[in-house]
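Letters go in sequence order (proteins before strands), and every chain restarts at 1.
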Protein chains: 2
Amino acid sequence: MSNSKLYKGSLTTIILKLLNESDKMYGYEITQKVKALTNGELKITEGALYPALHKLEAEGLLDVEVKKVDNRLRKYYKLTENGEKETTNKLNELANYISTMQALVNPKLSLE
Amino acid sequence: MSNSKLYKGSLTTIILKLLNESDKMYGYEITQKVKALTNGELKITEGALYPALHKLEAEGLLDVEVKKVDNRLRKYYKLTENGEKETTNKLNELANYISTMQALVNPKLSLE
DNA sequence: TTCTTATGCATAATAATCTTAGGTATTATT
DNA sequence: AATAATACCTAAGATTATTATGCATAAGAA
């Protein structure tokens with residue numbers, strides 16, 4: 001992920017959420033999807049993405065399936081049952097984080 | 001800071017914003033203010049806070065003034081001119097981060 | 001009066017997460 | 001023929017935080 005240090009910690013949430021919508025995706029596809037959804041605002045670096053995917057797999061949140069398309073490898077990832085639960089948790093955490101930050105940064109607004 | 005890895009990277013923004021509102025504050029005061037504003041949701045740890053304050057000072061964004069109150073030291077921090085500019089930048093970054101995450105996590109909502 | 005909690009500062013070891021910079025290989029475009 | 005796009009990967013270093021300490025004074029509870 002590039003552009004801002006604020007994004008630190010949210011990569012996992014992004015991955016899980018995208019997989020929750022798209023059933024299965026491969027790494028490169030995720031980078032392109034994020035770029036498209038954010039109008040180029042957020043670019044996930046491969047040095048962050050692949051280790052994150054491997055970690056989620058090791059934690060049992062993702063399953064992998066390797067496919068060969070046009071003579072090139074693709075590693076498709078999809079959520080496990082635990083992965084779906086964790087997606088819910090992460091999304092709740094994010095919503096909570098956002099409201100907490102708004103309480104700090106714009107206390108008047110958060111009273112409305 | 002405790003509770004969530006999502007907060008990583010936002011401590012500097014929080015410090016700058018609070019100083020922008022309160023003119024001058026000391027470290028312990030910041031931890032209490034954050035706790036109060038977030039209803040105990042966010043607890044800034046001293047191991048994160050003090051190094052962050054020292055770094056901001058080293059970068060010329062904060063000025064320090066040591067005072068003795070009740071025979072105890074307090075180091076009051078306040079924004080420099082550059083600190084005020086950086087506060088604006090950080091708040092813009094945060095607003096941008098939040099809208100980006102909402103575009104990713106709730107694409108339908110962000111179209112409204 | 002002693003013990004604990006609160007106030008107030010600080011640093012060091014460790015962990016987590018990301019950037020930067022490489023590497024390999026195939027396919028498509030210029 | 002060279003470059004860009006597709007597709008995977010890892011390692012060194014930076015940044016930021018947690019956890020665990022340490023020191024010291026003041027206030028409150030046992």
Side-chain angles (χ1 to χ4, degrees), chain A residues 1-16 24-36 40 42-59 61-62 64-77 90 93-94 97 100-101, chain B residues 1-16 24-36 40 42-59 61-62 64-77 90 93-94 97 100-101:
Chain A
M1 246 177 329
S2 59
N3 301 337
S4 174
K5 290 161 190 169
L6 271 177
Y7 298 92
K8 202 166 275 190
S10 47
L11 177 56
T12 295
T13 307
I14 294 171
I15 293 171
L16 293 177
K24 70 175 198 280
M25 295 180 84
Y26 56 100
Y28 186 76
E29 187 184 9
I30 292 175
T31 67
Q32 301 307 304
K33 181 80 172 180
V34 168
K35 213 191 286 181
L42 211 177
K43 285 167 192 154
I44 293 183
T45 62
E46 300 176 322
L49 177 66
Y50 290 113
L53 287 171
H54 300 159
K55 194 188 174 199
L56 289 170
E57 187 195 349
E59 290 170 345
L61 303 181
L62 300 185
V64 191
E65 188 193 349
V66 180
K67 281 197 179 178
K68 205 163 197 174
V69 180
D70 290 334
N71 206 32
R72 264 185 302 219
L73 280 186
R74 283 184 189 170
K75 293 178 84 171
Y76 280 97
Y77 291 91
K90 289 288 187 184
E93 265 182 35
L94 177 61
Y97 164 73
T100 296
M101 286 304 289
Chain B
M1 248 179 326
S2 60
N3 300 339
S4 174
K5 291 160 191 169
L6 272 177
Y7 298 92
K8 202 167 275 191
S10 46
L11 176 56
T12 294
T13 307
I14 294 170
I15 292 171
L16 293 177
K24 69 176 198 282
M25 295 180 85
Y26 56 100
Y28 186 76
E29 187 183 9
I30 293 176
T31 67
Q32 301 308 302
K33 181 81 172 179
V34 167
K35 213 191 286 181
L42 211 178
K43 285 167 192 155
I44 293 184
T45 62
E46 299 176 320
L49 177 65
Y50 291 113
L53 287 172
H54 300 160
K55 194 187 173 200
L56 289 171
E57 186 195 350
E59 291 169 345
L61 303 181
L62 300 184
V64 191
E65 187 192 349
V66 180
K67 281 198 179 178
K68 206 163 196 174
V69 179
D70 290 335
N71 206 32
R72 265 185 300 217
L73 279 185
R74 283 184 188 171
K75 293 178 83 171
Y76 280 97
Y77 291 91
K90 288 288 187 184
E93 265 183 36
L94 177 62
Y97 164 73
T100 296
M101 286 305 289

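When all heavy atoms of I44(B) and T31(B) are compared, the closest pair comes out as O-CG2, 4.0 Å. Closest of all the heavy-atom pairs between P51(B) and E46(B) is CD-O, 3.7 Å. Closest approach of A52(A) to L11(A), counting heavy atoms only: CB-CD2, 4.0 Å.
Counting to the nearest Å, the P atom of dA17(D) and the CD1 atom of I44(B) are 9 Å from each other. Atoms CG (L56(B)) and P (dT15(D)) sit 14 Å apart, rounded to a whole Å. Taking atom CG of residue L49(A) and atom C1' of nucleotide dA16(C), one finds them 17 Å apart after rounding to whole Å. Distance K43(A) NZ to dT20(C) C1': 15 Å, rounded to the nearest Å. Atom P of nucleotide dA16(C) and atom NZ of K90(A) are separated by 12 Å, given to the nearest angstrom. The nearest whole Å value for the distance from the NZ atom in K8(A) to the C1' atom in dA14(D) is 7 Å.
Out of dT25(D), dA17(D), dT26(C), the shortest distance to the side chain of N71(B) is found at dT25(D).
The side chain of K67(B) contributes no N or O atom lying less than 4.0 Å from OP1 or OP2 of dG8(C). Close to dA16(C), at under 4.0 Å from its OP1 or OP2, lies no side-chain N or O of K55(A).
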> Could you write nucleotides 6-13 of chain D as a row of B, S and -, 5' to 3', where a protein heavy atom under 4.0 Å of any base atom gives B, of only sugar-phosphate atoms gives S, and otherwise -?
Replying inline: BSBBB---
Under 3.5 Å, which donor-acceptor pairs link side chains of residues 65-72 of chain A to any protein atom two or more places apart or in another chain?
none

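Considering only residues two or more places apart in sequence or on other chains, Y26(B) meets the ring pair (Phe, Tyr, Trp, His ring centres under 6.0 Å) condition with Y76(B). For the salt bridge (Lys or Arg N to Asp or Glu O under 4.0 Å) test, no residue two or more places apart in sequence or in another chain qualifies with E29(A).
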